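Only one structure is covered here, and it is reproduced in the block below.
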Amino acid sequence: MARLGSWIESHPEGIYVRPADAWIDPSQPKTRAWVTHGHGDHARGGHGAVLATAETLAIMEVRYGPQSGQPIAYDETIRVGDVDVRYVPAGHVLGSAQIVMEHKGERIVVSGDYKRRPDPTCPCFVPVPCDVFITEATFGLPVFRHPETGSEIDRLLHRLHADPSRCVLVGAYALGKAQRIICELRARGHHAPIYFHGAIERLNQLYQSFGVELGELRHTGGATKAEMAGHIVIAPPGALNDRWSRRLPDPVTAMASGWMRIRQRARQRNVELPLVISDHADWDELTMTIRELEPTEVWITHGREEALKHWCMTHQIKACELNLVGYEDEDD
Ligand SMILES: [Zn+2]
Ligand SMILES: [Zn+2]
């Protein structure tokens, strides 16, 4: 255990907020958990009371069944123990939040996972200046610079139209990325039906129930090869090389992930069309955010910590790594 500030502790299973007796995104069941967003490595089942946005609670219910959850709206402030806590948008996935905490005149912000570029499925990241910024660093290396999303979507559409006898199978994380890709396609004028793997159906419905427009979607089950030719099919990354894909008409295999920047990762999954589309901040977004928030200290939770820590130190900002376990963003 490391005592960090005067009132926050870092443990392998999560960040503990002592004056509120609460844990942030704990990897073990806790009596009181504050959850930033619905991805499985941050939102786990089995907690006592969960404080999260209504969207995140709904996602947790899809995954783990009924929660004893208390919904908190963006920008609402509540007092827990001796801490004022507020959730503000993180721009990562539907319902994702940063957690802003104030105690005895000190403000600490936990970013959760975040990105700065626009995402049609959730509100944009809101910068909150703070004393201590606890940030993720999934893509915390200068080599990670994500291209414009629109140009990646155009590459996808170009490939689709190049051969109408084939389909393009896009591997995308089931929560967030899949729905974002669908919305980005709609924004680029693609209004044809989009086929989906059954594993993302409930999350598609959940997004729609929160008002995210996904257009016409069709289940691949029951569709013929001929019907799916010339169409886009969205599936979780695990289904790309699965026998399930044999039902598709000669698929061009694509994958939408920040990791597609690394050619070897694309090859490992037999990805023919790598699309560099991420729900995490790239190097420029991470450093731009730290510049903007002007914290006195930065604590780095997960990802590639070393380079970001070094960057902070060369910019006269104290920085340290928290050794939390259980976070993975491999499928981003
Ligand atoms: Zn996440
Ligand atoms: Zn994460």
Side-chain angles (χ1 to χ4, degrees), residues 10-15 23-28 33-45 50 52-53 55-60 62-64 74 87-99 109-126 133-141 144 146 149 171-181 200 203 206-207 210 212 236-238 255-260 265 276-283 285-286 289 298-305 308 321-332:
S10 164
H11 296 250
E13 71 262 41
I15 292 164
W23 290 81
I24 297 177
D25 291 353
S27 57
Q28 301 292 326
W34 295 350
V35 175
T36 59
H37 68 287
H39 279 147
D41 53 332
H42 293 257
R44 313 234 177 198
V50 176
T53 61
E55 293 89 340
T56 297
L57 287 171
I59 292 163
M60 291 175 76
V62 163
R63 292 204 158 146
Y64 309 118
Y74 287 131
Y87 283 38
V88 300
H92 177 57
V93 295
L94 181 74
S96 65
Q98 309 169 71
I99 301 181
V109 173
V110 176
S111 75
D113 292 341
Y114 76 97
K115 69 174 173 294
R116 301 300 304 266
R117 54 194 76 209
D119 176 336
T121 69
C122 61
C124 277
F125 178 97
V126 173
F133 184 50
I134 305 183
T135 182
E136 63 133 321
T138 303
F139 293 111
L141 283 176
F144 290 112
H146 308 323
T149 311
Y173 199 93
L175 167 59
K177 187 67 62 65
Q179 297 76 27
R180 178 178 169 210
I181 296 296
I200 65 171
L203 289 166
L206 187 144
Y207 267 63
F210 280 98
V212 178
M255 168 123 174
S257 160
W259 298 111
M260 289 298 104
R265 294 255 188 161
V276 186
I277 300 177
S278 175
D279 283 328
H280 291 271
D282 67 6
W283 176 256
E285 292 169 70
L286 290 168
T289 302
V298 170
W299 303 342
I300 306 166
T301 55
H302 62 303
R304 271 116 288 257
E305 300 93 346
L308 193 60
E321 301 159 39
L322 310 188
N323 296 307
L324 306 180
V325 297
Y327 291 133
E328 26 186 287
D329 290 298
E330 291 302 298
D331 275 340
D332 162 65

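Atoms within each ligand, like the ligands themselves, are counted from 1 in listed order. Quick caveat, the model's predicted, so the values are computed rather than measured.
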Can you list everything that forms a side-chain hydrogen bond (donor to acceptor under 3.5 Å, both in side chains) with S111? Sequence neighbours excluded, please. none
Of all N, O or S atoms in H39, the one closest to the Zn ion (ligand 1) is ND1
Note: D282-R116 ion pair, threshold 4.0 Å (strictly below): no
Contact flag H280/the Zn ion (ligand 1), N/O/S atoms, threshold under 2.8 Å: no
For the Zn ion (ligand 1), decide whether D279 has an N, O or S atom at a distance under 2.8 Å. no
Angle subtended at the Zn ion (ligand 1) by H37 NE2 and H92 NE2, to the nearest 10 degrees, is 100°
Taking side-chain contact (heavy atoms from CB on, under 4.5 Å) as the criterion, tell me which of D279, V93, T53 meets it with H37. V93
Would you check if the Zn ion (ligand 2) lies under 2.8 Å from any N, O or S atom of H42? yes
May I ask you to check whether D113 brings an N, O or S atom to under 2.8 Å from the Zn ion (ligand 2)? yes
Tell me whether T36 contacts the main-chain N or O of Q98 through its side chain, where contact means a donor paired with an acceptor under 3.5 Å. no
Centres of the H146 and H280 rings: under 6.0 Å? no
